[in-house]
Amino acid sequence: QDDRSYLGATVGRFAGRIEGARFTLDGREHILSANDGAACLHGGSPGFEQAVWRAEADGEAVVMRHHSPHGDHGFPGALDVAVRVTVRDGCALAIDYTATTDAPTVLNLTNHAYFNLAGDGDVLDHTLTIAADAFVPVGEGLIQRGPPCPVAGTPFDFRTPRRIGARIAEADRQLRIAGGYDHSYLLSPAPTLAPRWVARLEAGGVAMDVHTTQPSIQLYTANFLDAPRHAPPRHPAVCLETQHVPNAPNRSEFATTVLRPGAVFRSQTIYRFSG
């Protein structure tokens, strides 16, 4: 609970930054906790990553449950969340999310796992592929404001396998603002009910394929990692966070994150390893 880097955590209520720590839903403005400058990051602090979840074993799975009361860090609606983590075939980790609310709210759940497939050093020699034709630029404060930009011809193009470090040091304004990669990619094809392949990470003879039902993936190269009892090198790991676009409650061009009473939020992400 001393960790402030979201190491391996389920984050929520809303992954990423919400600009100004506020949003308007159904004509009503909601003021959130500001824990990253003027923004609300990962749902406020302490968020889901600091909560004690109720856990129960179910075969090869663990189901974790959490209740977030109405008004938690300013978010409306009492929210009940379940996260089911399953080991499949000894080589895949499946994460299933479900959530319900008793009042209209916004929701964006993800897992903040950090990966280093080589086991040590930095991840600049990791090879990455992302099935995305566009990414969302950030402004100062790492706020996603859009509009989306094509990846073609930019350091953000991972449509074919490329070393993470191949262009990370280029004099690109987006890379300068983030200190590396910390951007949302709009995934192709569009979201489906069943997980589809969206990304591949390779290093040290190990490969990790990512399948998800989510519309975007956040590429983060651990630019600000402050892990307890550990002084890592620059870019010691990479996160591939399947989710909706951060700041979506304030940007109508992105897929909606609104959850209403009577509806059930569902998403699934699978990390499959080989090598």
Side-chain angles (χ1 to χ4, degrees), residues 1-18 21 32-56 61-69 72-75 79 81-87 93-97 99 107-124 126 138 141-143 164 178-184 201 203 208 210 214 217-244 246 267 269 271 273:
Q1 291 204 329
D2 292 335
D3 169 45
R4 292 297 179 267
S5 298
Y6 308 94
L7 294 170
T10 295
V11 295
R13 285 188 186 193
F14 205 93
R17 294 169 177 83
I18 296 180
L32 310 175
S33 298
N35 62 328
D36 188 65
C40 179
L41 173 64
H42 295 330
S45 183
F48 285 10
E49 82 288 349
Q50 297 292 325
V52 178
W53 294 56
R54 294 178 288 115
E56 59 189 42
V62 174
V63 181
M64 294 169 285
R65 304 182 190 278
H66 178 58
H67 176 78
S68 176
D72 191 4
H73 288 297
F75 287 92
L79 188 76
V81 180
V83 180
R84 181 184 181 92
V85 182
T86 309
V87 176
L93 194 67
I95 307 176
D96 291 85
Y97 305 83
L107 181 67
N108 190 21
L109 300 174
T110 192
N111 185 275
H112 210 295
Y114 289 79
F115 295 102
N116 184 320
L117 301 186
D120 199 5
D122 61 43
V123 294
L124 299 183
H126 281 47
V138 296
L142 295 174
I143 301 296
I164 290 175
Y181 294 102
D182 192 2
H183 296 79
S184 290
L201 185 69
M208 182 185 76
V210 184
Q214 292 281 56
I217 193 167
Q218 185 81 8
L219 170 62
Y220 175 51
T221 47
N223 311 321
F224 308 107
L225 183 60
D226 183 20
R229 300 177 301 280
H230 182 53
R234 184 73 167 161
H235 310 302
V238 59
C239 300
L240 295 168
E241 305 161 64
T242 57
Q243 58 184 67
H244 280 255
S267 75
T269 294
Y271 297 98
F273 297 86

Practice prompt. Please answer whether the main-chain N or O of G16 pairs with a side-chain N or O of N108 as donor and acceptor at a distance below 3.5 Å.
Written response: no
Fill in: From I217 atom CD1 to L240 atom CG, the distance as rounded to the nearest 0.5 Å
4.5 Å
Worksheet item: When the aromatic ring centroids of F115 and Y271 are compared, is their separation below 6.0 Å?
Response: yes
Worksheet item: Where do R65 and A82 come nearest, in terms of heavy atoms and distance?
Response: NH1-CB, 3.6 Å
Worksheet item: Does a side-chain heavy-atom distance below 4.5 Å link L219 with H183?
Response: no
Fill in: Residues forming a side chain to side chain donor-acceptor pair (under 3.5 Å) with Q243, sequence neighbours excluded
none
Response to the item:
By salt bridge (Lys or Arg N to Asp or Glu O under 4.0 Å), D36 pairs with (sequence neighbours left out) R17
Response to the item:
For Y220, the ring-ring contact (aromatic ring centres under 6.0 Å, His included) test, sequence neighbours excluded, returns none
Discussion item. Could you work out, with side chain to side chain contact (heavy atoms under 4.5 Å, CB included) as the rule, every residue matching S267, not counting sequence neighbours?
Written reply: Y97, T213, Q214, F265
Discussion item. Please determine whether side-chain hydrogen bond (donor to acceptor under 3.5 Å, both in side chains) holds for the pair D182 and Q218, giving the CA-CA distance in whole Å, both sets of side-chain angles, and the decisive distance to 0.1 Å.
Written reply: CA-CA 7 Å; D182 192 2; Q218 185 81 8; 2.9 Å; yes
Practice prompt. For residues V81 and A99, report the shortest heavy-atom separation together with the two atoms involved.
Written response: CG2-CB, 4.1 Å
Practice prompt. Using side chain to side chain contact (heavy atoms under 4.5 Å, CB included) as the criterion, list what pairs up with D72, not counting sequence neighbours.
Written response: R13, F48, S68, P69
Discussion item. According to ring-ring contact (aromatic ring centres under 6.0 Å, His included), who are the partners of F75, at least two apart in sequence or on a separate chain?
Written reply: none
Item to complete: Only counting residues at least two apart or in another chain, list the ones meeting ring-ring contact (aromatic ring centres under 6.0 Å, His included) with H235.
Response: none
Worksheet item: Could you state the interatomic distance from OG1 (T269) to CG (D96), rounded to the nearest 0.5 Å?
Response: 8.5 Å
Worksheet item: So do the side chains of H66 and V83 get within less than 4.5 Å of each other, counting heavy atoms only?
Response: no
Fill in: Where at least one partner belongs to residues 43-52, residue pairs that pass side-chain hydrogen bond (donor to acceptor under 3.5 Å, both in side chains), sequence neighbours excluded
none
Worksheet entry | side chain to side chain contact (heavy atoms under 4.5 Å, CB included) partners for A34, two or more places apart | A21
Item to complete: Please confirm whether the backbone N or O of P236 pairs with a side-chain atom of N116, one donor and one acceptor, at under 3.5 Å?
Response: yes
Practice prompt. For the residue pair L109 and V11, establish whether any side-chain heavy-atom pair is separated by less than 4.5 Å.
Written response: no
Worksheet item: Which residues satisfy the salt bridge (Lys or Arg N to Asp or Glu O under 4.0 Å) test with R54, sequence neighbours excluded?
Response: none
Fill in: Candidate pair Y114 and T221, rule side-chain contact (heavy atoms from CB on, under 4.5 Å), full reasoning
CA-CA 9 Å; Y114 289 79; T221 47; over 6 Å; no
Worksheet entry | Verdict with reasoning, S5 to F224, per side-chain contact (heavy atoms from CB on, under 4.5 Å) | CA-CA 8 Å; S5 298; F224 308 107; over 6 Å; no
Worksheet entry | Heavy-atom side-chain contact between I164 and V238 under 4.5 Å | yes
Discussion item. Could you walk me through whether S33 and N35 satisfy the side-chain hydrogen bond (donor to acceptor under 3.5 Å, both in side chains) test, starting with their C-alpha distance in whole Å, then the side-chain angles of each, then the deciding distance to 0.1 Å, before giving a yes or no?
Written reply: CA-CA 6 Å; S33 298; N35 62 328; over 6 Å; no
Practice prompt. For ring-ring contact (aromatic ring centres under 6.0 Å, His included), just list the numbers for F14 and H42, CA-CA rounded to whole Å, side-chain angles, deciding distance to a tenth of an Å, and then say yes or no.
Written response: CA-CA 5 Å; F14 205 93; H42 295 330; 9.8 Å; no
Worksheet item: Does H244 have any ring-ring contact (aromatic ring centres under 6.0 Å, His included) partners at least two apart in sequence or in another chain, and if so, which?
Response: none
Worksheet item: Tell me, do L93 and V85 make a side-chain contact under 4.5 Å, heavy atoms counted?
Response: yes
Worksheet item: What closest approach, in Å, do A61 and T86 show between heavy atoms, and which atom pair accounts for it?
Response: CB-OG1, 3.3 Å
Worksheet entry | Heavy-atom closest contact (I143 atom, A39 atom, distance) | CD1-CB, 3.9 Å
Worksheet item: Within a strict 4.5 Å, meaning less than it, do heavy atoms of the H126 and L117 side chains meet?
Response: yes
Response to the item:
For V62, the side chain to side chain contact (heavy atoms under 4.5 Å, CB included) test, sequence neighbours excluded, returns A55, M64
